[in-house]
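Report on the following structure.
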Amino acid sequence: MNNRLYYGDNLDILRNREYFPDECVDLIYLDPPFNSNRNYNVLFKSESGADSQAQITAFEDTWHWGELAEDTYRDLITDAPEKVSTAIEALLNLIDRNQMMAYLVMMTARLVELRRVLKPTGSLYLHCDPTASHYLKIVLDAIFGPENFRNEIVWKRTSAHDLSSKQWSAIHDVVLMYSRSSDWCWNVNYMEYDEEYIRTGFRYKDEKGNYSADAITGGKAGGAEAYQPWRGREPSRGRAWALPGYRRLPDWLKPELPTESEWDALGIHSKLDVLDSLGMIHWPAKENGQPRLKRYLGDARGQIAGDLWTDIKPIASHAKERLGYPTQKPEALLERIIRASSNEGDIVLDPFCGCGTAIAAAHKLGRRWIGIDITHLSIALQKYRLQDMFELVSGADYEVIGEPTTEAGARELATDSANEGRYQFEWWALSLVGAKPVGGQAGSRRGKKGADKGIDGIINFFEQSDKGKAKARKVVVQVKSGGVKAGDIRDLKGVLEREKAAIGVFITLELPTQPMLKEALQAGYYESEFWNRRYRKLQILSIRDLLGGDGVDMPPQHGTFKQAARHRSGDGKAQKDLI
């Protein structure tokens with residue numbers, strides 16, 4: 001499979017055998033929408049309005065118990081494996097028809113498909129929080145089998161800060177790990193040592209630096225010699241002299257050692273003699289104390305990571321990787337998961353890919369990847385991220401499946417009222433010119449309510465002043481999917497002046513009228529002294545123009561991102577024809 005992004009409902013996409021045949025994915029990470037507003041509390045009440053006494057912290061999303069949830073529930077009861085249908089029926093009896101049950105039903109249907117596409121050596125990591133983790137674990141036990149439960153990882157995502165709370169502060173998320181079988185891919189992961197561990201664990205020091213003193217005895221015998229005294233010291237009662245394998249010794253020491261085959265032929269006492277002659281044995285001051293092997297801090301890979309992760313911090317407000325997506329997870333979190341449960345060239349799937357952290361981490365680590373999301377806002381964010389981080393271009397370096405490729409497809413998207421087509425069209429159209437959305441609500445199919453001040457998207461770029469300093473400028477973008485007129489261009493001109501923007505771009509599904517084109521031409525030009533060029537102040541681009549390869553005519557985006565968005569020259573076919 002090639003790298004690809006899918007736009008659409010992940011359940012429909014996962015059920016498509018052409019897209020996802022059986023056992024085709026090596027690793028799955030999913031962070032489904034839950035509790036995106038952590039202060040939003042709702043009662044556990046049925047959708048019919050009957051209250052119950054139990055209250056939980058719930059998620060703010062669009063999954064409510066309705067016709068779709070009811071139909072999905074019935075499908076699970078009749079078609080899912082027996083253990084799955086039994087589990088989902090028991091959960092319904094326990095918690096009734098409410099938002100949480102709708103969430104569990106919809107997740108169960110998807111998790112059944114995710115297990116199908118997972119290779120026998122694959123693993124699934126489900127990121128959630130304590131409001132739903134106990135229910136999801138029941139569902140996962142039913143789908144994967146309790147024998148394939150591997151870990152409940154606790155990630156400390158923040159510190160306690162609510163002084164007014166009358167309960168212990170919620171400061172962690174849960175990541176549930178399940179494997180497809182008993183033979184799963186696993187690579188040992190290490191955590192950085194904290195300062196206290198370094199201070200106490202590497203407390204000895206010699207001319208080579210700080211080191212720890214590791215035991216050189218073990219429970220398994222290496223022959224009679226391993227139980228005999230060495231240099232007047234005996235191994236602990238019931239134990240034998242033992243050393244790490246040749247390949248686990250530091251590389252810098254290897255030139256001083258015999259070859260690996262010669263080393264393996266030596267007896268344990270001879271190996272200890274060699275290491276002692278090279279200063280690698282720590283002799284305690286205490287008489288008859290056990291000699292130990294020196295392990296220098298510079299050679300240590302870190303502590304083996306367990307199921308409590310306190311070393312990965314949340315994304316700080318000033319962090320370079322922060323994209324403004326409220327549920328964005330640190331790349332380090334995903335990198336640890338991907339390193340542990342996949343190898344280079346393996347396929348990583350994120351069916352709720354949001355702003356694309358799992359996709360970015362997978363690409364960075366040499367894995368192939370597939371992402372699915374139900375909003376064009378998320379797909380657009382991932383396009384920008386892949387371009388900025390890796391200079392990847394949609395259509396050339398990876399596929400995007402589900403986006404319109406024709407005018408008819410664009411019109412169908414814009415008029416899809418059931419899927420908030422107006423907003424989906426707007427986000428998709430903005431992605432065609434590399435504009436960052438203004439007013440997009442992450443994780444939602446709707447834009448933010450309220451006035452947008454005539455701006456749907458912004459493209460930032462930098463000019464250079466006479467003194468050689470970078471000077472930030474911007475392009476403001478409006479998108480229209482309905483009828484358009486010359487007054488829209490005059491309004492955009494007012495926005496341009498109010499915002500002191502360099503260029504205004506008007507994207508329209510309908511072809512522009514002659515009065516609109518004339519109004520745009522009358523706005524004049526933006527003069528760039530640095531590039532020694534002038535650009536149309538107001539540019540009209542129809543969807544037909546954009547699908548035909550036209551783009552915004554503007555100075556290159558240097559200084560804003562690691563890699564400038566793809567630049568296409570031209571003012572749009574219609575404007576060039578008028579000129």
Side-chain angles (χ1 to χ4, degrees), residues 1-16 18-21 24-34 36 61 107 110-111 113-114 116-119 122-127 175 321 323-331 333-335 337-338 341-342 344-405 419 424 427-428 430-431 437 440 442-445:
M1 285 187 174
N2 297 325
N3 295 336
R4 60 186 63 173
L5 297 174
Y6 289 93
Y7 162 73
D9 187 326
N10 54 23
L11 183 58
D12 295 334
I13 293 168
L14 288 166
R15 284 175 171 171
N16 187 326
E18 291 186 9
Y19 292 156
F20 287 95
C24 62
V25 172
D26 296 283
L27 171 62
I28 298 170
Y29 168 84
L30 62 159
D31 182 12
F34 66 95
S36 58
D61 58 21
M107 282 304 305
R110 287 156 174 80
L111 288 165
E113 290 301 317
L114 289 171
R116 177 186 67 79
V117 306
L118 195 61
K119 291 181 181 178
S123 300
L124 176 141
Y125 288 77
L126 173 55
H127 195 132
V175 182
E321 68 176 279
L323 300 177
Y325 203 83
T327 57
Q328 183 181 351
K329 302 302 184 294
E331 287 181 20
L333 184 75
L334 275 301
E335 288 175 13
I337 290 171
I338 291 168
S341 294
S342 69
E344 288 191 18
D346 285 351
I347 298 174
V348 177
L349 166 64
D350 184 349
F352 294 91
C353 54
C355 63
T357 301
I359 301 303
H363 194 85
K364 184 188 295 186
L365 296 175
R367 276 65 167 174
R368 290 176 289 165
W369 46 264
I370 302 172
I372 310 173
D373 206 276
I374 200 167
T375 73
H376 279 291
L377 174 61
S378 290
I379 298 299
L381 286 173
Q382 290 173 71
K383 285 182 180 179
Y384 306 144
R385 190 171 191 170
L386 291 168
Q387 175 101 29
D388 296 346
M389 292 182 67
F390 309 111
E391 304 181 14
L392 300 182
V393 177
S394 169
D397 300 305
Y398 61 93
E399 298 179 77
V400 180
I401 298 171
E403 287 190 320
T405 57
N419 195 33
Q424 300 295 339
W427 293 328
W428 167 72
L430 290 171
S431 77
S444 171
R445 299 189 191 188

Taken to the nearest 0.5 Å, the spacing of Ser394 OG from Glu399 CD works out to 9.5 Å
Qualifying residues under salt bridge (charged side-chain N to carboxylate O under 4.0 Å, His left out), relative to Arg116, sequence neighbours excluded
Asp22, Glu113
So, for Ala361 and Leu334, which heavy atoms are closest and what is the spacing to 0.1 Å?
CB-CB, 3.8 Å
Begin from the C-alpha positions of Ile401 and Ile13 and carry the test side chain to side chain contact (heavy atoms under 4.5 Å, CB included) through to its verdict.
CA-CA 10 Å; Ile401 298 171; Ile13 293 168; over 6 Å; no
Would you compute the distance between atom CD1 of Ile370 and atom CD1 of Ile347 and round it to the nearest 0.5 angstrom?
5.5 Å
Establish, from distance only, whether the side-chain atoms of Asn2 and Arg368 form a donor-acceptor pair under 3.5 Å.
no
Mind checking whether Leu333 and His127 have side chains closer than 4.5 Å, heavy atoms only?
yes
Determine whether Tyr125 and Leu30 make a side-chain contact, defined as any pair of heavy atoms from C-beta on separated by less than 4.5 Å.
no
Is any side-chain N of the basic residue among Asp388 and Lys383 closer than 4.0 Å to the acidic one's carboxylate O?
no
If I compare all heavy atoms of Asp350 with all of Ala358, which pair ends up nearest, and what's the gap?
OD2-CB, 3.5 Å
Please report the interatomic distance CG(Leu365) to CG(Asp346), rounded to the nearest 0.5 Å.
11.5 Å
Interatomic spacing from CZ in Arg15 to CZ in Phe20 - rounded to 0.5 Å
14.0 Å
For Leu377, the option from Thr375, Ile374, Ile379 that meets side-chain contact (heavy atoms from CB on, under 4.5 Å)
Thr375
Closest non-hydrogen atoms of Leu118 and Leu27, given as atom of the first, atom of the second and distance, are CD1-N, 4.2 Å
Decide side chain to side chain contact (heavy atoms under 4.5 Å, CB included) for Tyr398 and Leu5; before the verdict, give the C-alpha distance in whole Å, the side-chain angles of both, and the deciding distance to 0.1 Å.
CA-CA 8 Å; Tyr398 61 93; Leu5 297 174; 3.9 Å; yes
Would you mind checking if Lys119 and Asp26 are paired as a salt bridge, meaning a charged N to carboxylate O distance below 4.0 Å?
yes
After noting the C-alpha distance and the side-chain angles of Tyr7 and Val400, does the key distance pass the side chain to side chain contact (heavy atoms under 4.5 Å, CB included) rule?
CA-CA 7 Å; Tyr7 162 73; Val400 180; 5.6 Å; no
Which class fits the ring pair Tyr19 and Tyr6: parallel under 30°, tilted 30 to 60°, perpendicular over 60°?
tilted
What closest approach, in Å, do Cys355 and Arg385 show between heavy atoms, and which atom pair accounts for it?
O-NH1, 3.2 Å
Side-chain heavy atoms of Cys24 within contact of Leu349, under 4.5 Å
no
Between Glu335 and Arg367 (salt bridge meaning N to carboxylate O under 4.0 Å), is one present in this structure?
no
Give the C-alpha distance, both sets of side-chain angles, the deciding distance and a yes or no for side chain to side chain contact (heavy atoms under 4.5 Å, CB included) between Met389 and His363.
CA-CA 10 Å; Met389 292 182 67; His363 194 85; over 6 Å; no
Who passes side chain to side chain contact (heavy atoms under 4.5 Å, CB included) against Asp397, sequence neighbours left out?
Leu392, Val393
Output for pair (Leu386 CG, Asn3 CG), nearest 0.5 Å, gives 8.5 Å
Is there a donor-acceptor pair under 3.5 Å between the side chain of Gln328 and the backbone N or O of Thr357?
no
Which distance, rounded to the nearest 0.5 Å, do you find between the CZ of Arg110 and the CG of Asp12?
8.0 Å
State, to 0.1 Å, how close Ser431 and Tyr384 come at their nearest heavy-atom pair, and which atoms those are.
CA-OH, 3.2 Å
For Cys353 versus Asp373, what's the shortest heavy-atom pair and its separation?
N-OD2, 3.6 Å
